Amino acid sequence: MPIAITREVSRSLGDCELSYLDRAAIDVERAIAQHADYCRALESLGCDVIALDAEDAFPDAVFVEDVAIVLDELAVATRPGAPSRRGEVASVAAALGRHRTLRTIEAPATIDGGDVLRIGRTIYVGESARTSTDGVAQLRAITADFGYTVQPVPIRGCLHLKSAVSELADGVVLINPAWVDRAVFAAFDRIEIDPDEPHAANALRIGDGAIYPASFPRTLQRMRGRGIAPTLVDVSELQKAEGAVTCCSLVFAGVLK
Ligand code: CIR
């Protein structure tokens, strides 16, 4: 059974980091309800959800994906690019330490988990403002012994690599070619997002299923046309914080270390 680590929404979510979005008022109660629905969607796809307590001192703490990278063989505690987010790491690392041997990205390097897309033995890493060259190099050194290849990927116009591309199924990626070069993913079957829905490339694959925002009907139609029927969630309040569906959980195979 896969494990999904999540964290309850901070009351301070309205003070989140924003890079490409203008600040809009966030209804925190609604965000909490949407997040609860998201956790139920994880459970409906077979995940054992471990919900960490909210950390109100850190507005973005619900976005646990950014503070760790979990592989079958080990987990890596990141050093997030935004200084306001570095205090989020310790509690997630403590929870992960029960399931994986832990390694750590060391200062001054930075890396956000949202920039990390593992497909098979390749770890694609977005060259975003949050992830430094040194962060990529440290991840490469940590994972090389386990047979992973780390491939840096240029991105433009978006926060993280996984804003621009995510894995939907074996051999299939969902991609916004305006934000990442489609040639990087030429070996995959590609479903391109509808250009009217630029934020639509982030889906959370879980086994044979996927969780996907309800707010991208045109791209959803493209996915359904290719035989992919994701579980839909309304995450509108989390989207105002520049969040998406991958960022609210760390999903990994539930084998004990
Ligand atoms: C941030 O800017 O760090 C948060 N407001 C949003 C993080 C979203 N993370 C993700 O998509 N992996």
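Counting starts at 1 for both ligands and their atoms, in listed order. Computed from a predicted structure; not experimentally measured.
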**Study point:** For atom 8 (C) of ligand 1, closest protein heavy-atom neighbour
**Key:** Glu242 O, 3.4 Å
Exercise for review: State whether Arg40 and Glu43 are salt-bridged, where the test is any N-O pair (Lys NZ or Arg NE/NH1/NH2 against Asp/Glu carboxylate O) under 4.0 Å.
Suggested key: no
Point to revise | Under-4.0 Å heavy-atom contact with ligand 1, by part of Glu17 that carries it | key: both
Point to revise | Over 12 foreign heavy atoms within 6.0 Å of CZ, Arg11 | key: no
Review point. Between Glu73 and Arg121, is there a side-chain N and carboxylate O pair less than 4.0 Å apart?
Key: yes
**Study point:** Closest to atom 9 (N) of ligand 1 among Asn202, Asp66, Asp115 (heavy-atom distance)
**Key:** Asp66
Point to revise | Closest approach of any protein heavy atom to atom 4 (C) of ligand 1, naming residue and atom | key: Asp60 OD1, 3.1 Å
Review point. Closest non-hydrogen protein atom to atom 10 (C) of ligand 1, residue and atom name please, with distance?
Key: Cys247 CB, 2.9 Å
**Study point:** Heavy atom of the protein closest to atom 12 (N) of ligand 1 (residue, atom name, distance)
**Key:** Glu65 OE1, 2.7 Å
Review point. Can you tell which part of Lys162 has a heavy atom less than 4.0 Å from ligand 1: side chain, backbone, both or neither?
Key: neither
Practice item. Considering only non-hydrogen protein atoms, determine which one is nearest to atom 6 (C) of ligand 1 and report residue, atom name and distance to 0.1 Å. Key: Ala241 O, 3.4 Å
Check your understanding: What atoms of ligand 1 come within less than 4.0 Å of a heavy atom belonging to Gly114?
Key -> 12 (N)
Check your understanding: Say you draw a straight line from OG of Ser166 to CG of Leu174; how long is it, rounded to the nearest 0.5 Å?
Key -> 4.5 Å
Exercise for review: Ignoring hydrogens and angles, tell me if any N or O in the side chain of Arg118 forms a donor-acceptor pair with the backbone of Val70 under 3.5 Å.
Suggested key: no
Review point. Do Ser236 and Asp234 have a side chain donor and acceptor closer than 3.5 Å?
Key: yes
Practice item. Note the single closest protein heavy atom to atom 2 (O) of ligand 1, along with its residue, its atom name and the distance in Å. Key: Arg130 NH2, 2.8 Å
Check your understanding: Hey, which atoms in ligand 1 end up nearer than 4.0 Å to a heavy atom of His160?
Key -> 9 (N), 10 (C), 11 (O), 12 (N)
